[in-house]
Amino acid sequence: MKNVLVIGSTGQIGSELTMKIRNEIPGSTVVAGYIPGALLAVSLIPAEIADVRDSKALADIVRRYKIDTIYNLAALLSAVAEKKPLLAWDIQMNGLINILEIAKELGCAVFTPSSIGSFGPETPRKGTPQDTIQRPRSMYGVTKVATELLSDYYFHKFGVDTRSVRFPGLISNVTLPGGGTTDYAVEVYYSAVRGEEFVCPIGPGTYMDMMYMPDALNAAVAIMEADPSKLVHRNSFNIASMSFEPEELFSKIREYEPTLRVRYEVDPVRQAIANSWPDSMDDSCAREEWGWKPTFDLDTMTRDMLEKLRKRLLNA
Ligand code: AKB
């Protein structure tokens, strides 16, 4: 990776990934792709408007900056994709095929994340295997399975270097997610630090895989840097670090913020999606094929989240 384009650079993953690659990959140029109207931090420059649906403009950026690796992070998350399924399809699928065509023509590697959302109710819930039933019932999930298949198709058919991981719910203290099923696990930390009551849209007992952002960013970089001769799989690898249900998360936060108050107001759309997702994935293929290893668990993540948010939100 030398000249990298991050599409969706103002989003939850993109805002941190852009800086990480710049800081950690020596000699890299990272172009921050954003859509008009997005709030662009000055630190993200060089930046270019990069709408995945505008393939001519994208190809122009790739040519001008001699891009060799594209991180395609443009997506509507699961709950919002249920409300706008056609827009989700347009961004996730038409956008992806534009990127893959450009990659084929101009010789780029492509990372397009998949998700626990690519699984469905028939998938084994515990220890979800790498290769298993993927029959999601949400539009987000449908686009994620299609993303995996299309990315593998471009690899096998045209030799495009596509690779990716299935992200769990991502928890970060920097940029808030928007419209996901797992967002509650981020938002509750903000409520805890602000001393506000948290209204939880996901019911007690609902387990989902979750991950702290630093581990997710490590995975996104490591998979693209991995030795291709060791990769049996490509699109996409299960990666896991922790799985919890809301009460376990709240008890952990209360160890450090004892006054956290929570009330449940279950959102039927998010709950139905969460019920169809795995409880915990088996990530042994990622560990074996490219050395994946998470560094945060629920306790270390909670301490770090609270410390960073107290500093940022309360100056404490
Ligand atoms: C969502 O909840 O939609 C995302 C995901 C798990 O892919 N965070």
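Just so you know, ligand 1 is whichever comes first in the structure, and atom 1 is the first atom listed for that ligand. Note that these values count all heavy atoms, side chains included, but never hydrogens, waters or copies made by symmetry.
A donor-acceptor contact shorter than 3.5 Å is absent between the side chain of R270 and the backbone of Y184.
Applying the 4.0 Å criterion to heavy atoms of S78 picks out, from ligand 1, the atoms 1 (C), 2 (O), 3 (O). Near S115, meaning under 4.0 Å from any of its heavy atoms, are these atoms of ligand 1: 5 (C), 6 (C), 7 (O). Every atom of ligand 1 is numbered from 1 in the order shown, and the set under 4.0 Å from a heavy atom of T181 is 1 (C), 2 (O), 3 (O). Numbered from 1 in the order shown, with element, the atoms of ligand 1 that lie under 4.0 Å from a heavy atom of W277 read 1 (C), 2 (O), 3 (O), 6 (C).
The neighbour count for I35 CD1, taken as heavy atoms of other residues, nucleotides or ligands under 6.0 Å away, does not exceed 12. Taking a 6.0 Å sphere around CZ of R135, one finds it holds 12 or fewer heavy atoms contributed by other residues, nucleotides or ligands.
Ranking protein heavy atoms by distance to atom 8 (N) of ligand 1, first place goes to T182 OG1, 2.9 Å.
Assignment of I116 to the shell around ligand 1 is supported, since a heavy atom sits closer than 4.0 Å.
N235 and Y153 share no donor-acceptor pair across their side chains, judged by distance under 3.5 Å alone.
R303 and D299 are joined by a salt bridge, as a carboxylate oxygen and a charged side-chain nitrogen come within less than 4.0 angstrom of each other.
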